Amino acid sequence: MTKHTPRERTLMRSRIPTLGVCRDNPVHTGAVRPAARMHLLRAGAAALALTAALGVTLTACGSDSDSGSPSATQTASNGDVFNAADVSFATAMIQHHAQALAMVALADGRPLDPAVKKLTEQIRDAQAPEIETMTDWLNAWDQEVPATVNDHAHGGHDMGNMDGSDMDMGGDESTSSESSTGSDTGAGMPGMMTAEQMDQLENASDAEFQDMWLQMMVEHHQGAIEMAEDEIDQGTFGDALALAKHIEASQQDEIDQMQGMLG
């Protein structure tokens, strides 16, 4: 075997291929020099920071359309910012208010105490415009407007003359009388009367009617307050929150009045 001097061995080692790796990182020896190690650590940290930044950016960009979360907001073409709770509130409250107006219509022509008669007018004057308002929200948000017992939300917002004598909003004559008292539209909502209860109210004698109406309307109002509280807790659209707070306060005041009338 040929022996080499130390200088020759050094020259021979310098000619060994480095597998395309820079001399600062000679992987063929299995060692990583300090300078190369620092370079790799810095590069790794930079990559992690970039990944985190991209994740935050993508999350922020998606929050406006992430319909998977009830609290996720959407922006309507008119600029309204709303969420699923706002849609649920408007959709349900339209149907809830419509039944209250059907109950008010049943009170027309009945012999009522003056205070009760005034209350029926007060409910009509408050809730009919609120149906209009909530219907406008749903239309602006490109959401479905629900059918109601009186179909208030359809037919170009034609609410009749608001005195209870023209409550049909586009249905034919064969269905209008049934829809005012015999429909369970909105069944399952807090405080909603069943079709059977509405029929009982319609068919009650004059002597029975007032107390039955007051008892039903107290329950109906209590349900509306529960729905309003859900909106206050979960909604995001400012006008819907304001309406929910108004319903909560005004209908509680009316409950107090009706309980006093019942004695």
Side-chain angles (χ1 to χ4, degrees), residues 92-135 147-153 155 157-169 171 173 175-187 189-228 243-244 246-263:
M93 196 60 78
I94 285 172
Q95 298 174 80
H96 205 271
H97 274 16
Q99 189 181 71
L101 295 185
M103 294 170 69
V104 167
L106 292 178
D108 289 333
R110 293 283 192 161
L112 304 174
D113 292 344
V116 177
K117 178 63 175 176
K118 181 179 179 180
L119 179 63
T120 66
E121 294 169 352
Q122 178 178 311
I123 291 171
R124 178 185 290 126
D125 291 345
Q127 296 196 22
E130 288 171 358
I131 289 176
E132 292 283 328
T133 295
M134 291 183 287
T135 298
T148 72
V149 293
N150 300 313
D151 205 17
H152 282 290
H157 296 196
D158 179 11
M159 302 291 288
N161 57 21
M162 290 308 193
D163 64 0
S165 62
D166 185 8
M167 303 292 286
D168 183 25
M169 298 301 128
E173 292 182 0
T175 61
S176 60
S177 61
E178 179 183 357
S179 68
S180 65
T181 59
S183 170
D184 274 331
T185 301
M189 294 180 195
M192 287 287 277
M193 301 298 108
T194 65
E196 182 181 1
Q197 288 174 307
M198 293 294 287
D199 287 342
Q200 289 173 351
L201 182 63
E202 183 177 27
N203 297 319
S205 67
D206 286 345
E208 299 172 319
F209 181 86
Q210 179 170 295
D211 281 357
M212 185 183 293
W213 187 93
L214 288 169
Q215 290 164 355
M216 287 185 175
M217 192 61 79
V218 166
E219 182 180 349
H220 202 269
H221 275 29
Q222 289 169 338
I225 290 173
E226 182 179 336
M227 294 161 64
L243 178 58
H246 171 73
I247 288 172
E248 181 184 39
S250 63
Q251 296 207 16
Q252 182 58 57
D253 182 63
E254 290 174 351
I255 287 172
D256 294 342
Q257 293 178 50
M258 289 186 286
Q259 289 175 333
M261 294 169 185
L262 285 165

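What you see below is based on every heavy atom in this structure, not just the backbone, and it leaves out hydrogens, waters and symmetry mates. As the structure is a computational prediction, the values presented were derived from the model and not from experiment.
- A distance of 4.0 Å separates CD1 of I123 from CE of M217, quoted to the nearest 0.5 Å.
- Nearest heavy atom pair, residue A98 against residue T148, reads CB-CB, 3.5 Å.
- The line from CD of E254 to CE of M261 is 9.0 Å long, rounded to the nearest 0.5 Å.
- Summarising the geometry of A228 relative to A244, their closest heavy-atom pair is CB-O, 3.4 Å, with the distance given to 0.1 Å.
- A donor-acceptor distance shorter than 3.5 angstrom exists from the side chain of Q210 to the backbone of D113, with no hydrogens or angles considered.
- Checked by atom type and distance alone, the side chain of Q99 never pairs as donor or acceptor with a backbone atom of V149 at under 3.5 Å.
- Between M216 and Q197, the shortest heavy-atom distance links the atoms CE-O, 3.3 Å.
- How far CD1 of I225 is from CD of Q252: 4.5 Å, rounded to the nearest 0.5 Å.
- In plain terms, the two heavy atoms of T120 and A107 that are nearest each other are CG2-CB, 4.1 Å.
- The distance from atom CD of Q127 to atom OG of S250, rounded to the nearest 0.5 Å, is 8.0 Å.
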Discussion item. Could you walk me through whether H96 and H220 satisfy the side chain to side chain contact (heavy atoms under 4.5 Å, CB included) test, starting with their C-alpha distance in whole Å, then the side-chain angles of each, then the deciding distance to 0.1 Å, before giving a yes or no?
Written reply: CA-CA 8 Å; H96 205 271; H220 202 269; 3.2 Å; yes
Practice prompt. Given side chain to side chain contact (heavy atoms under 4.5 Å, CB included), test R124 with D108 step by step and report yes or no.
Written response: CA-CA 11 Å; R124 178 185 290 126; D108 289 333; 2.9 Å; yes
Item to complete: Mind running side chain to side chain contact (heavy atoms under 4.5 Å, CB included) on I247 and E130 for me, showing each step along the way?
Response: CA-CA 10 Å; I247 288 172; E130 288 171 358; 4.2 Å; yes
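- Scanning all heavy atoms of the two residues, the minimum distance from R110 to E202 falls at NH2-O, 2.9 Å.
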Item to complete: Check step by step if side chain to side chain contact (heavy atoms under 4.5 Å, CB included) holds for M93 and M227.
Response: CA-CA 8 Å; M93 196 60 78; M227 294 161 64; 3.9 Å; yes
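- For the atom pair CD of E219 and CE of M258, the computed distance is 11.0 Å after rounding to the nearest 0.5 Å.
- In this model, no donor atom of one side chain and acceptor atom of the other lie less than 3.5 Å apart for Q215 and D211.
- A donor-acceptor pair is defined here as one N or O able to donate and one able to accept, closer than 3.5 Å; such a pair exists between the side chain of W213 and the backbone of M103.
- With values rounded to the nearest 0.5 angstrom, M193 atom CE is found 13.0 Å from D199 atom CG.
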